[in-house]
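Position 1 is the first residue of the sequence, and the numbers go up from there.
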Amino acid sequence: MNSYRNIRVAKYIRLSREDGDDRESESVENQRDIIDNYILGHKELIEVGEYVDDGYTGTNFNRPGFQKMLKDIEEEKIDCIITKDLSRFGRDHIDTGYYLERFLPGKNIRYIAIGDNVDTLKADGLQFLTFKLSFNDYYAQDISNKIKSVKQRKIEKGEYQAGIPPYGYKKDIKQKNHLIPDEFSSQIIKEIFDMYVNKGMSTIKIADELNRRDIEPPAVYLKIQTYMKKCSRNPNGKYIWLRAQIGKILRNEVYLGSVVGRKFQKVSHKIAKVRCTKKEEHIVLENMHEAIIDIETWNKAQEKLNGYTKARDRKYDHPLKGLVYCGECGNKATLRCREEKRKDGSIWRATYFICSKRNNYSGLCDCKQISANLIEEAVQQTIKVEIEKISLLEKEIKQIYQEAEIQAQTKSNLLSIKLQELKNTLQNIENTIEEIYQDKINKVIQLEDFKIIYEKKQNERNKILKEIKKLEKELKESKEKLPQIDFKEIKQIANEFLKMEKLNKMILEKLIKRIEFDKEKNIKIKLTFQNNINVNNK
C-alpha cells in the first residue's frame with residue numbers, strides 16, 4: 001500500500017422513510033457509489049469502515065450506525081467522515097451543528113459532505129453551514145407535515161392506520177389498511193359483550209372469568225413488543241386481563257365496523273412523543289369493515305356503562321371517603337356501593353371500602369373489602385376512648401408537647417438558615433443564566449458555547465432545586481410534627497361528633513388523619529391529636 005494513503009475514512013450512509021420520492025436517488029447504493037468515487041479521486045484517503053442507517057430519521061442521532069461510528073471515533077480508528085451531503089449526516093440544525101462545530105473538531109476528525117462542498121480541512125469548509133443546516137431542519141419539518149397530510153387523507157378514506165390491529169381483528173392480506181375479524185379473538189370479544197350485557201357480569205368478574213380460563217390478554221395474543229419486553233407487575237410475573245381493558249373493549253367503536261382516526265397526535269417532528277387528542281377531534285367513519293358486535297348489543301352496553309357513571313356521580317358518597325387507606329399496600333381505598341331491589345319494593349344497600357389496586361383488578365394487592373359500618377363503629381369507639389384520655393392526662397400531655405416544641409423550634413431555625421442560603425445560591429445561578437442568554441442574543445458568545453454553559457448551569461440549578469424541595473419538606477414536617485393542641489376545642493368537637501346521629505365529614509376531617517384496614521379487617525385509626533390506636537375486629 002502506498003504511504004500517502006494515510007487518512008482513515010469512515011463512509012456514513014443514511015436513508016429515511018421521510019425521503020419519499022427521493023428514496024431512489026438517495027438510496028444506499030447511490031450514496032455508496034458517490035462516496036467511493038470521491039475516495040478513488042483522492043489518493044490520500046483510505047476506507048476503514050462503512051456505517052449505514054437505513055430507515056432512520058435525520059432529526060434523531062440515536063441511530064445504531066451513527067452510534068457505532070462515534071464509538072470507533074472514541075477508539076481512534078477514524079480520521080475522517082464522508083457523507084453524500086449534509087442532510088445524510090443529520091437534519092436537526094442544533095445537534096448537527098454541535099457535532100460538526102464542537103465534537104468532531106475536538107476529536108481532530110475531518111468531515112466532508114460531497115454534495116454541499118463542505119470540507120472542514122479547508123478554511124471556508126463550514127461557510128454558510130448555519131444556513132444549510134437550518135434549511136435541512138426546515139425540510140424535515142416540511143416532510144413531516146406532508147406525511148401528516150397523507151395519513152390524514154388515508155384516515156378520511158377509512159383506512160386503518162395503526163401498526164397493530166385491535167384485539168378481535170387482523171389485517172387483511174388482500175386489501176391494504178383493511179381489517180377482518182380474527183377467528184379466535186373475535187369470539188372472545190363477542191363473549192365479553194355477552195357476559196356484560198346479557199349475563200349481568202361486571203368488568204371485574206369478566207376479567208376474572210377470562211383469567212380463570214387462561215385466555216391470553218391482548219398484549220400477549222397480539223405480541224405487542226412494548227409490553228412483551230417489560231415484566232408484568234403482577235406478583236407471579238404473568239400478564240392478566242384487567243377490568244380497565246374490558247372497559248376499553250366495551251367502549252371501542254371499532255367492533256361496530258367503524259374506523260376511528262386521529263386519536264393521537266405527534267408533538268413535534270423531532271421527538272417521538274405523542275398526545276391524546278380530544279374526542280371531538282377524532283374522525284369516525286362507519287361501516288369500513290365487518291362488525292363483530294351488532295348495534296343493539298352495542299347500545300345496551302353503552303347504556304349500562306353510562307348508567308354506572310351517572311350512578312357514581314349522583315348517589316355514592318360517604319363522610320369517611322378520602323380518609324380510608326389499605327393497610328397492606330398503602331393505597332387509598334375506593335368507596336363502593338351495592339344495591340338490590342327486593343320483592344317488596346324496598347332497596348337493600350351495602351356500602352364498603354376496597355383497596356384501589358384491588359378495585360382496579362391489577363392483581364397487586366390481596367386486601368379484602370370492608371364494610372363502611374364496621375369502620376364507623378371503630379371510629380365511634382376510638383374517639384370515645386380518646387376523650388376520656390384527654391380528660392385524665394391533659395396536664396401531662398401539655399408538658400410533653402411543650403418540651404418537644406422547643407426541640408422542634410431549634411431544628412426549624414437551623415433548617416430555615418440553610419434554606420435561605422440555598423435560595424441565595426439559586427438566585428445567583430439564575431442571574432448567570434440570564435447574563436449568558438443576553439450574551440447569546442448580543443452575539444458575545446457562540447451558540448454552542450452558550451449551550452454548554454447553559455446546560456451546566458441548568459444542572460446546578462436543578463440540583464439546588466431538589467435540595468430546596470427536600471429542606472422545605474423537612475421544615476414543614478418539623479413544624480407539623482407536634483402542633484399546638486387546643487384540648488378544649490378537641491373535646492368540644494369530639495363530644496359534638498358523639499352526639500350526632502349521622503357522621504359529619506367536616507368534623508371527621510378535624511379529628512381523623514388516616515384510617516387503615518388490612519386483609520384480616522383490623523382497623524388502625526390515626527387521630528389529629530394522638531398516636532395510632534389499633535382496633536382488632538377478629
Side-chain angles (χ1 to χ4, degrees), residues 166-168 185 187-221 227 232-252 255 292-293 297-298 300-318 320-322 324-341 347-375 517-521:
Y167 184 78
S185 57
Q187 296 305 313
I188 301 300
I189 293 296
K190 289 178 181 178
E191 279 195 67
I192 288 172
F193 274 86
D194 180 60
M195 285 188 281
Y196 188 72
V197 173
N198 300 321
K199 296 180 181 177
M201 294 173 68
S202 66
T203 53
I204 288 181
K205 287 183 178 178
I206 294 170
D208 247 338
E209 174 62 18
L210 296 174
N211 289 325
R212 185 189 66 77
R213 289 163 51 187
D214 209 22
I215 303 293
E216 287 183 331
V220 178
Y221 185 77
Y227 287 94
S232 170
R233 292 184 300 168
N234 197 40
N236 60 15
K238 183 180 176 182
Y239 282 97
I240 59 173
W241 284 88
L242 307 177
R243 65 175 300 196
Q245 289 173 321
I246 305 298
K248 285 180 181 178
I249 286 171
L250 292 169
R251 288 183 172 87
N252 197 338
Y255 302 117
I292 295 175
I293 302 301
T297 303
W298 167 266
K300 286 180 180 178
Q302 304 317 300
E303 187 180 345
K304 187 176 178 182
L305 287 165
N306 294 334
Y308 278 139
T309 304
K310 290 175 184 175
R312 280 197 297 270
D313 292 341
R314 186 179 67 253
K315 293 181 183 179
Y316 306 145
D317 199 5
H318 194 280
L320 290 171
K321 187 177 177 181
V324 184
Y325 292 79
C326 172
E328 302 294 336
C329 67
N331 275 274
K332 189 172 280 190
T334 300
L335 176 70
R336 299 292 301 275
C337 186
R338 290 171 56 197
E339 288 185 352
E340 287 182 14
K341 191 173 183 180
I347 302 293
W348 172 86
R349 180 182 291 116
T351 307
Y352 59 94
F353 287 94
I354 184 171
C355 171
S356 58
K357 283 191 176 181
R358 175 67 183 167
N359 183 56
N360 291 329
Y361 203 77
S362 60
L364 296 174
C365 186
D366 59 356
C367 192
K368 304 283 194 316
Q369 65 192 43
I370 188 170
S371 168
N373 291 336
L374 197 60
I375 295 180
F517 67 96
D518 61 21
K519 59 185 177 183
E520 302 298 332
K521 297 190 178 180

Interatomic spacing from [atom1] in [X] to [atom2] in [Y] - rounded to 0.5 Å:
| X | Y | atom1 | atom2 | value |
| --- | --- | --- | --- | --- |
| I189 | Y255 | CD1 | OH | 3.5 Å |
| I204 | R243 | CD1 | CZ | 4.5 Å |
| I206 | L250 | CD1 | CG | 6.0 Å |
| D208 | M195 | CG | CE | 10.5 Å |
| E191 | L210 | CD | CG | 7.5 Å |
| C329 | K519 | SG | NZ | 11.5 Å |

Mind running side chain to side chain contact (heavy atoms under 4.5 Å, CB included) on L335 and V324 for me, showing each step along the way?
CA-CA 9 Å; L335 176 70; V324 184; over 6 Å; no

For the side chain of N211 and the backbone of A207, is there at least one donor-acceptor N/O pair under 3.5 Å apart?
yes

K199 bridged to E209 by N-O distance under 4.0 Å:
no

I'd like to know if E303 pairs up with K300 as an ion pair, taking the criterion as any Lys NZ or Arg NE/NH1/NH2 lying under 4.0 Å from an Asp or Glu carboxylate oxygen.
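Salt bridge: no.
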
Is the shortest side-chain heavy-atom distance between [X] and [Y] below 4.5 Å?
| X | Y | answer |
| --- | --- | --- |
| C355 | E328 | no |
| I292 | F193 | no |
| R336 | Q369 | no |
| L374 | Y352 | no |

Where do Y325 and G330 come nearest, in terms of heavy atoms and distance?
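Smallest interatomic distance, heavy atoms only, reads CD2-O, 3.7 Å.
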
Closest heavy-atom contact between Y196 and A301?
CE2-O, 3.8 Å

Which residues share a ring pair (Phe, Tyr, Trp, His ring centres under 6.0 Å) with Y167, sequence neighbours left out:
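Ring pair (Phe, Tyr, Trp, His ring centres under 6.0 Å) check on Y167 returns Y221, W241.
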
